[in-house]
Structures are given as structure tokens and as C-alpha cells.
Amino acid sequence: MSFSEKIIRWYHDNKRDLPWRSTQEPYKIWLSEIILQQTRVAQGTPYYQRFITAFPTVFHLAQADEEEVLKLWQGLGYYSRARNLHAAAKTVVREHDGTFPQNHKGLLALKGVGDYTASAIASICYNEPQAVVDGNVYRVLSRYFEVEHPVNSTVGIRYFRQLAQEVMDAERPRDYNQGIMEFGAMHCTPKNPNCLFCPLKEGCVALKEGKVGQLPVKTKKTKVRTRHFNYMVPVFKDRNDVPYTCLVQRKGKGIWQGLWQFPLLETDAEADLAQVQHELTANTPLKNTEETVLFNERPVVHKLSHQHLHTKFWIVGQKVWGEHAVPVSELEKYPVPVLIADFIKTFKF
DNA sequence: AATACGGGGGT
DNA sequence: ACCCCAGTATT
């Protein structure tokens, strides 16, 4: 039995019953694939369900406000995916009359759709023979064929793409592609792979050579940057004792584009009250400050994959209101980073 | 050819 | 603390 036959057979016997497995509608497959980029099935599944409920078709998604899309995406991370998702939906509606491109090349032209996602959609929806190469495929192929090229090098990427295309069952790309990914996710796992009961143990070179634990090879040390954030949380109560605060939208480059947050002072090192008060009078519209008190003595360390954000929240009492007022009761309408959402959950306005 | 881009879960 | 996750876009 060939490599691909074993994969397809294992998939038939072991595949999970996932929400997007019961359809071949391009819209739903595309949505699931964007959500699952760099995201585990367990984390992405509830988001997929909520998106399908809120936007049953690409027309619903295209007609939504970007804010609404970002709000539904809140907590998933890599927010450019949400903005590109929305842009691609508009493209499909405006330029393709609501019908998704029906081949790899056409799909690749959509924002947020790269080689992997185009291959996944083309094979799952149209059975087009384009091999997917994701983290699971790198792992399975590198072990079975003992490939030592780093999977994140230019040579490695090209090599694995070609190898994947060669070992794919060109007659059954739909089942083969999903099968090898599912096999990598469930059986040929990064840690403690189940080699003892592996259907591919006979031909696996890494197993034979005792190198399963050293493959795939990756060459990257993500150097983490430490940053110091000071959020100034305005608190104002009107005549009826209704609480207000203030949010501003993140724009330009960097993390959390399009999300909302409190006015921010970033410093080179941990800041003190004097620095924050200077910032308040110099560079913010917040005036008539009543008092400013530190909410958390120890900075909250919010960890992104590439940044550690040491964060202090300063509660800034306001007597009179300026602009950008947001009733506390409407905070939940705004898409915010998890760091901000966690603060809002714990702070009593 | 590198780097930026989130957040959660496993070890 | 480190690694990985159904990767893509931008430098």
C-alpha cells in the first residue's frame, strides 16, 4: 500500500466530525481555513460557529461593518486575518457576483489567501490536485522521508511543496489533503507521537533512524521584545451617576490594528505617577483631572508570541468631559485586545 | 531572506 | 520558559 493510500485509509477510520467537514461550500471552507491559520481547531471552532450564525453567506459578511467583523474576531489574534476576510468577501461579491473563484490561481488572488489556503479550498471544494503544506504536513513528511531542510527556509519551503505534490494521490486530493493534516494533528504529533501503533511505521525513515524527536527542523529564535505600556483609564460620572470612559482606535502599523484601547503612554522603562501626569497634561485631551491612581501595583505582563507587554492601568478621574466619551455600558460593543478585555472584566467603573 | 503579526494550550 | 498551532503579508 502506498503512502497516500495509508493516509487516506487512516483518515477514513479516524477523522473527527468537525463543523466544516459536512459541506463543500467554498464560503464555509474558506472561512474555516482563514480562522484555522496558526490556530488550533479547539480554539477556532466556536469562532467558526459564531461567524456562520452571524454571516450565513458571503453576502452577509460583505455587507457588515468592519467593526462588527473585528468584534466577532476578538480574542483570536492575528487581526489582519479579519480585515482581509472582510475585504475578500467584498471582492467576491463585487467582482465575482458572490461566487468564489473555482481554482487555485483565482483563490490565491483573494486577500489573506496564500498557497496553503488556496490549495485547501481548491482540493476540498473542487478536488483540484494541489497539495497542502501546513505545519502538520511539514512534520509528517519530514519524519517519514527524513527531510532535514529547515521548514522555514526558502529551500525547505520549496522542497516540501514539491515533495507534498509528488506523494499526493492526484485522484483523491480532497481526502488525501485533509487526511495528512488530520494525521499530523492527531497521530504524528510534535510531542509523544504514537509511533508504536503507527500505520506508517514500516516506511518511516525517522523512526528507523531514531530521529523522530528531532524532526522537523526549524531555524528560528524569536527574540521577544519587552515593552512598557501605561493605559490611562478615564473615569467620569454624569449628573445621573452614569459612568463614562474613553477609547481610542489603534491605527497605522504594529499590533492590534483597528482595535480599540484606552489612551496609551508607552515608556522605555516602568513609568511612575509623575510621568503619567505629565503625559496627561501635555499630550491628551483629558483635562480637569481629579486624581490619578494606579490600579495594579505589579504590572500585568501580557505575552504575545513576539512581545511581552508590561502594563500598568492608571485610573484618571475626570470632573468635566471632553471628547471621545464612551458609556461604560457600551464598552462591550468595541473590539478590544484581550489585554483590555481582561481589564474591563476586573475593573468596577 | 527575514520579520511582524495574537492568543491559547501542551510539556 | 519554550514550542506549536489547517500561514500570510510586508520588509
Side-chain angles (χ1 to χ4, degrees), chain A residues 11 15-16 18-21 29-48 70 73-85 87-88 107-124 130-140 150-158 160-161 164 176-186 188-193 213-214 216-225 227 250 252-259 301-309 335-342:
Chain A
Y11 182 57
K15 68 175 172 184
R16 289 169 290 181
L18 302 173
W20 47 89
R21 290 241 164 103
I29 299 302
W30 164 71
L31 175 62
S32 72
E33 292 298 343
I34 301 298
I35 287 175
L36 292 173
Q37 287 169 4
Q38 292 292 286
T39 303
R40 291 173 189 280
V41 167
Q43 187 187 5
T45 299
Y47 285 84
Y48 173 83
L70 279 172
W73 199 271
Q74 181 180 313
L76 248 196
Y78 287 165
Y79 296 93
S80 64
R81 288 184 293 170
R83 299 192 306 273
N84 288 334
L85 182 85
L107 291 161
L108 207 47
L110 297 174
K111 278 193 177 181
V113 176
D115 181 50
Y116 161 77
T117 304
S119 296
I121 300 171
S123 61
I124 294 172
Q130 293 282 352
V132 293
V133 183
D134 73 336
N136 295 303
V137 175
Y138 281 131
R139 190 165 53 254
V140 174
V151 299
N152 48 3
S153 66
T154 303
V155 169
I157 291 169
R158 188 171 63 238
F160 279 101
R161 180 64 168 91
Y176 169 78
N177 273 345
Q178 293 180 88
I180 190 171
M181 289 191 286
E182 185 83 336
F183 180 73
M186 305 298 292
C188 192
T189 47
K191 303 291 180 187
N192 306 318
Q214 299 156 48
V217 174
K218 231 171 245 189
T219 64
K220 231 170 229 170
K221 316 295 177 232
T222 55
K223 50 176 184 289
V224 177
R225 180 161 66 120
R227 304 174 70 179
R250 288 188 70 97
K253 311 185 74 60
I255 58 175
W256 302 333
Q257 281 176 44
L259 302 197
V301 182
H302 187 72
K303 294 180 177 181
L304 310 181
S305 53
H306 48 298
Q307 298 182 21
H308 286 0
L309 308 176
V336 298
V338 167
L339 174 62
I340 301 298
D342 286 346

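In what follows, every chain begins at residue 1, and chains take the letters A, B, ... in the order their sequences are listed.
Judged purely by atom type and a 3.5 angstrom limit, A:Arg161 has no side-chain atom pairing as donor or acceptor with the backbone of A:Val133. At least one donor-acceptor pair closer than 3.5 Å links the side chain of A:Glu182 to the backbone N or O of A:Arg16. When atom types are taken as modelled, the side chain of A:Arg83 and the backbone of A:Gln257 share a donor-acceptor pair closer than 3.5 angstrom. A:Asn136 places no side-chain N or O within 3.5 Å of a backbone atom of A:Phe183 that could act as its donor or acceptor partner. When atom types are taken as modelled, the side chain of A:Ser123 and the backbone of A:Ala120 share a donor-acceptor pair closer than 3.5 angstrom. Within the 3.5 Å criterion, the main-chain N or O of A:Leu76 finds a donor-acceptor partner in the side chain of A:Arg81.
Residue A:Tyr138 comes nearest to A:Pro216 through the heavy atom pair O-CB, 4.1 Å, listed as atom of the first residue, atom of the second, then distance. Among all heavy-atom pairs drawn from A:Gly112 and A:Ile34, the shortest one is O-CD1, 3.6 Å. Of all non-hydrogen atoms in A:Leu108 and A:Ala118, the two that sit nearest each other are CD1-CB, 3.9 Å. Taking all atoms of both residues into account, the shortest heavy-atom contact from A:Arg139 to A:Thr189 is NE-C, 3.6 Å. Considering every non-hydrogen atom in both A:Gly75 and A:Gln43, the closest pair reads O-NE2, 3.7 Å. Residues A:Thr117 and A:Glu33 come closest through the heavy atom pair CG2-CB, 3.8 Å.
Among the atoms of the strands shown, none is found under 4.0 Å from any heavy atom of A:Trp73. Within the nucleic acid shown, A:Val137 has no heavy atom closer than 4.0 Å to any nucleic acid atom. Base engagement by A:Arg21 is indicated by at least one non-hydrogen atom pair under 4.0 Å involving a base atom. At the heavy-atom level, A:Gly77 lies under 4.0 Å from base atoms of the strands shown. Backbone-only engagement by A:Thr117 is indicated by non-hydrogen atom pairs under 4.0 Å involving sugar-phosphate atoms exclusively. Using a 4.0 Å heavy-atom cutoff across all strands shown, A:Gly184 reaches no nucleic acid atom at all. Looking at heavy-atom distances under 4.0 Å, A:Leu76 makes contact with a base.
Between B:dC5 and A:His306, a contact under 4.0 Å exists linking OP1 or OP2 to a side-chain N or O. When the side-chain nitrogen and oxygen atoms of A:Gln307 are compared with OP1 and OP2 of B:dC5, one or more of them lie within a distance under 4.0 Å.
With hydrogens and angles ignored, no donor-acceptor pair under 3.5 angstrom links the side chain of A:Thr39 to the base of B:dG7.
Rounding to whole angstrom units, CD1 of residue A:Ile255 and P of B:dG7 are separated by 8 Å. Residue A:Ile340 contributes atom CD1, which lies 10 Å from atom P of B:dG7 at whole-angstrom precision. Between the CD1 atom of A:Ile35 and the C1' atom of B:dG6 there is a distance of 15 Å, given to the nearest Å. Rounded to whole angstrom, the span from the CD1 atom of A:Ile157 across to the C1' atom of B:dT3 amounts to 13 Å.
When the ring-ring contact (aromatic ring centres under 6.0 Å, His included) test is applied to A:Trp256, no partner is found at least two apart in sequence or on another chain. A:Tyr47 is linked by a ring-ring contact (aromatic ring centres under 6.0 Å, His included) to nothing, counting only residues two or more places apart in sequence or in another chain.
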Practice prompt. Toss me the dot-bracket line for DNA chain B: Watson-Crick and G-U wobble, both under 3.5 Å, 5' to 3', using | for pairs to another strand and [ ] for crossers.
Written response: |||||.|||||
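Along DNA chain C, the nucleotide nearest to A:Asp115 and the one nearest to A:Lys253 differ in position, and the one closer to the 5' end is contacted by A:Asp115.
On the nucleic acid side, DNA chain C contacts chain A at distances under 4.0 Å to non-hydrogen atoms, with the end points of that region at C:dC4 to C:dT11.
Using P as the reference atom, B:dG10 and C:dA6 are 13 Å apart when rounded to the nearest Å. Between C:dC3 and B:dG6, the distance separating the two C1' atoms is 15 Å to the nearest Å.
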Protein-nucleotides 8-11 of chain B N/O pairs closer than 3.5 Å?
unit_1	atom_1	unit_2	atom_2	d
B:dG8	N2	A:Arg40	NE	3.2

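Within residues 78-85 of chain A, the residues approaching DNA chain B are A:Tyr78, A:Tyr79, A:Arg81, by heavy-atom distance under 4.0 Å.
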Worksheet item: Would A:Gln37 and A:Tyr116 satisfy side chain to side chain donor-acceptor pair (under 3.5 Å), going step by step from the backbone distance to the final call?
Response: CA-CA 9 Å; A:Gln37 287 169 4; A:Tyr116 161 77; over 6 Å; no
